[in-house]
Amino acid sequence: MSNESLPEIPTIPDYAERVLEVAELIPPGRVMSYGDVAEWLGEGGPRQVGRAMALYGGAVPWWRVVRSDGVPLVGHELRALEHYRAEATPLRTTGAGEHRLDMRRARWDGAARTGGHR
DNA sequence: AGCTTGACCGACC
DNA sequence: TGGTCGGCCAAGC
């Protein structure tokens, strides 16, 4: 018998939960692309990771999971850039004066290594 | 069952 | 540097 007075507990799909875990592993000042996360996870694809982040990413460092071209999350550019500046994440300025992540330097592959070093 | 949509990606031009 | 195109894979309608 379910107690109808209890608050509804949002259930997070298992896959999404794994995505969130990976997001939490990314060290400050570094980022992973949606595709990187999917690849490391060995399941799903970039779009699945994107969906998971869109729906449940609010509780984790969402700004460290980005598009592979380094464009800050649309709709949250301000907040994201604030974090990047605070974490000293490598940025680059485009000709139009827009800030984008310098993926060459900011991309983190540490999680892809089993052991350890670089 | 089929079509559209999405916090995507890589190749091309 | 920047725009377009096709592919991708699951969720919604």
Side-chain angles (χ1 to χ4, degrees):
Chain A
M1 63 264 36
S2 45
N3 192 332
E4 55 219 40
S5 66
L6 286 173
E8 291 172 26
I9 303 167
T11 70
I12 300 163
D14 188 56
Y15 179 73
E17 211 166 293
R18 295 190 187 213
V19 170
L20 299 187
E21 256 183 64
V22 176
E24 295 215 333
L25 290 178
I26 306 172
R30 289 318 221 15
V31 299
M32 276 180 92
S33 76
Y34 298 96
D36 289 341
V37 174
E39 191 179 335
W40 180 70
L41 217 44
E43 195 177 11
R47 318 204 72 136
Q48 276 48 243
V49 173
R51 180 187 306 277
M53 288 302 292
L55 296 176
Y56 313 103
V60 300
W62 50 264
W63 59 92
R64 296 181 194 151
V65 182
V66 300
R67 281 168 49 161
S68 63
D69 60 6
V71 173
L73 177 57
V74 177
H76 299 272
E77 299 89 348
L78 245 302
R79 236 118 1 163
L81 287 172
E82 248 175 78
H83 285 292
Y84 297 145
R85 209 168 58 156
E87 299 180 1
T89 308
L91 296 175
R92 65 172 301 160
T93 309
T94 72
E98 307 272 323
H99 287 307
R100 295 171 61 167
L101 288 155
D102 185 346
M103 291 305 284
R104 217 170 25 178
R105 294 192 290 158
R107 198 174 207 168
W108 186 64
D109 54 346
R113 319 244 163 193
T114 55
H117 122 60
R118 268 203 29 104

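Per chain, numbering begins at 1; letters A, B, ... match sequence-line order. Predicted, not measured: the structure shown is a model, and the values here were computed from it.
Within the 3.5 Å criterion, the main-chain N or O of A:D69 finds a donor-acceptor partner in the side chain of A:R100. Side-chain N or O atoms of A:R105 include none that pairs as donor or acceptor with a backbone N or O of A:P90 at under 3.5 Å. A donor-acceptor pair is defined here as one N or O able to donate and one able to accept, closer than 3.5 Å; such a pair exists between the side chain of A:Y15 and the backbone of A:E43.
Within the 4.5 Å cutoff, the side chain of A:L91 has heavy atoms near those of the A:L101 side chain. The shortest distance between side-chain heavy atoms of A:T93 and A:H99 falls below 4.5 Å. Considering only heavy atoms from C-beta on, A:V71 stays 4.5 Å or farther from A:E98 through its side chain. Between A:E39 and A:P46, every side-chain heavy-atom pair lies at or beyond the 4.5 Å cut-off. Contact of the A:M53 side chain with the A:V60 side chain is registered, since non-hydrogen atoms from C-beta on lie closer than 4.5 Å. At least one side-chain heavy atom of A:E87 sits less than 4.5 Å from a side-chain heavy atom of A:W63.
Scanning DNA chain C 5' to 3' for nucleotides with an atom closer than 4.0 angstrom to a non-hydrogen atom of chain A gives a first and last hit of C:dT1 to C:dA11.
Checking A:G45 against A:L55, the closest nucleotide of DNA chain C that is more toward the 5' end is the one next to A:G45.
Of the listed nucleotides (B:dG10, B:dC8, B:dA7), B:dG10 has the atom at the smallest distance from the side chain of A:S68.
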Between the protein and nucleotides 1-5 of chain B, are there any N/O to N/O pairs under 3.5 Å, and if so, what are the atom names and distances?
none

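Look at CE on A:M103: it is 12 Å from C1' on B:dC9, rounded to the nearest Å. Taking atom CG of A:D36 as the reference point, atom P of B:dA7 lies 19 Å away to the nearest angstrom. To the nearest angstrom, C1' of B:dA7 lies 10 Å from CZ of A:R47. Atom-to-atom, OH of A:Y34 to P of B:dC8 comes out at 6 Å; the value is rounded to the nearest Å.
With rounding to the nearest 0.5 Å, the separation of CZ in A:R67 from CE in A:M103 is 11.0 Å.
Ring geometry, A:W62 versus A:H83: the interplanar angle exceeds 60°, so the pair is classed perpendicular (tilted spans 30 to 60°).
Of the side-chain N and O atoms in A:S33, one or more sit less than 4.0 angstrom from OP1 or OP2 of B:dC9.
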Check your understanding: Which dot-bracket string fits DNA chain B when only Watson-Crick or G-U wobble pairs with both atom distances under 3.5 Å count, crossing pairs get [ ], and | stands for a partner on a different strand?
Key -> .|||||.||||||
